[in-house]
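Here the structure comes first, spelled out in structure tokens, and everything after it is commentary.
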Amino acid sequence: MRNSKIKNSMAITTLLSALFFCSIIVLGSLSSLADSGPNVNTFGSVGMWLSLGMILFLYLLPLAFYLLGMHFLKFVMAAFCSIGLLIAASTLLLMPALFLFGLEDFSGNLASIIGVMISCLGLLITNIVWFVAAFKRPSAAVQESV
């Protein structure tokens, strides 16, 4: 019972994290940041779709094998989750800095920039919740009943 509950909560938070990460890619490709260099993805480009496919592959493959019983993949997923936390935190801090110091022209794309920041905040919160769900120790009452 307990193991099933942990798997369900990990699956839900993993899928939610994948959704937030994909939304960061899509909203970032809609913003003025898509014009900031030669190696960025613009909306609808092959690079954007490849990025989304890679993200979904890296999220869903370990999750599928974890749900099938390979519990050591929880640590692989934790490594990916840590990378996601780093990306979300750095992006969340970078956007206001670019705006405040005038390094990027956000005119006309402020809504997509705010959307990227909201998605980063959602990814940050979701990944923290994922760590709690994945590595939470069972309470004493649950241990005694088992």
Side-chain angles (χ1 to χ4, degrees), residues 1-139 142:
M1 178 72 177
R2 169 91 176 131
N3 198 18
S4 173
K5 187 176 179 183
I6 291 172
K7 281 185 177 183
N8 287 341
S9 63
M10 281 184 57
I12 290 169
T13 53
T14 301
L15 293 174
L16 193 58
S17 178
L19 177 74
F20 278 122
F21 208 115
C22 287
S23 69
I24 290 171
I25 298 294
V26 170
L27 290 171
S29 69
L30 289 170
S31 71
S32 61
L33 293 174
D35 300 325
S36 64
N39 297 321
V40 295
N41 297 327
T42 56
F43 184 75
S45 69
V46 173
M48 184 198 83
W49 291 111
L50 286 174
S51 296
L52 290 176
M54 184 180 69
I55 288 167
L56 290 174
F57 178 77
L58 291 175
Y59 267 96
L60 299 179
L61 187 67
L63 177 63
F65 283 119
Y66 174 78
L67 294 175
L68 290 174
M70 296 182 185
H71 297 291
F72 68 91
L73 284 173
K74 176 168 54 172
F75 299 105
V76 173
M77 293 166 59
F80 288 144
C81 190
S82 298
I83 293 169
L85 278 170
L86 182 65
I87 290 170
S90 61
T91 305
L92 195 59
L93 293 173
L94 182 68
M95 291 295 184
L98 289 174
F99 181 72
L100 289 175
F101 296 120
L103 299 175
E104 282 294 326
D105 181 27
F106 292 133
S107 60
N109 289 328
L110 193 59
S112 62
I113 296 299
I114 291 172
V116 169
M117 291 177 64
I118 290 170
S119 294
C120 284
L121 187 61
L123 180 65
L124 200 66
I125 292 168
T126 303
N127 285 356
I128 291 169
V129 169
W130 185 92
F131 272 109
V132 171
F135 296 108
K136 182 178 157 185
R137 297 208 181 258
S139 66
V142 172

**Message:** I'd like to know whether V46 forms a side-chain contact (heavy atoms from CB on, under 4.5 Å) with W49, so could you lay out the CA-CA distance, the side-chain angles of the two residues, the decisive distance to 0.1 Å, and finally the verdict.
**Reply:** CA-CA 5 Å; V46 173; W49 291 111; 5.9 Å; no
Looking only at heavy atoms, which two atoms of [X] and [Y] are closest? And how far apart?
| X | Y | value |
| --- | --- | --- |
| G122 | T126 | O-OG1, 2.7 Å |
| A133 | I6 | O-CG2, 4.0 Å |
| S29 | M48 | OG-SD, 3.4 Å |

**Request:** Let me know which of L124, L123, I125 forms a side-chain contact (heavy atoms from CB on, under 4.5 Å) with N127.
**Result:** L123
**Message:** Does anything in residues 55-70 form a side chain to side chain donor-acceptor pair (under 3.5 Å)? List the pairs, not counting sequence neighbours.
**Reply:** S17-Y59
**Item:** Listed partners of S23 passing side chain to side chain donor-acceptor pair (under 3.5 Å), at least two apart
**Value:** S119
**Item:** Note, I118 side chain near L121 side chain (heavy atom, < 4.5 Å)
**Value:** no
**Test item: L15 and L60 side chains (from C-beta on) under 4.5 Å apart, heavy atoms** = yes
Can you tell me how far [atom2] of [Y] sits from [atom1] of [X], rounded to the nearest 0.5 angstrom?
| X | Y | atom1 | atom2 | answer |
| --- | --- | --- | --- | --- |
| C120 | L27 | SG | CG | 9.5 Å |
| N8 | T13 | CG | OG1 | 10.5 Å |
| L85 | S90 | CG | OG | 10.5 Å |

Residues that [X] engages under side chain to side chain contact (heavy atoms under 4.5 Å, CB included), provided they are two or more places apart:
| X | answer |
| --- | --- |
| A11 | L63, L67 |
| L86 | none |
| L93 | none |

Please list every donor-acceptor pair under 3.5 Å in which a side-chain atom of residues 70-83 meets a protein atom from a residue at least two apart or in another chain.
| from | atom 1 | to | atom 2 | distance (Å) |
| --- | --- | --- | --- | --- |
| K74 | NZ | A134 | O | 3.1 |
| S82 | OG | A78 | O | 2.9 |

**Prompt:** Is there a donor-acceptor pair closer than 3.5 Å between any side-chain N or O of T91 and the backbone N or O of A88?
**Reply:** no
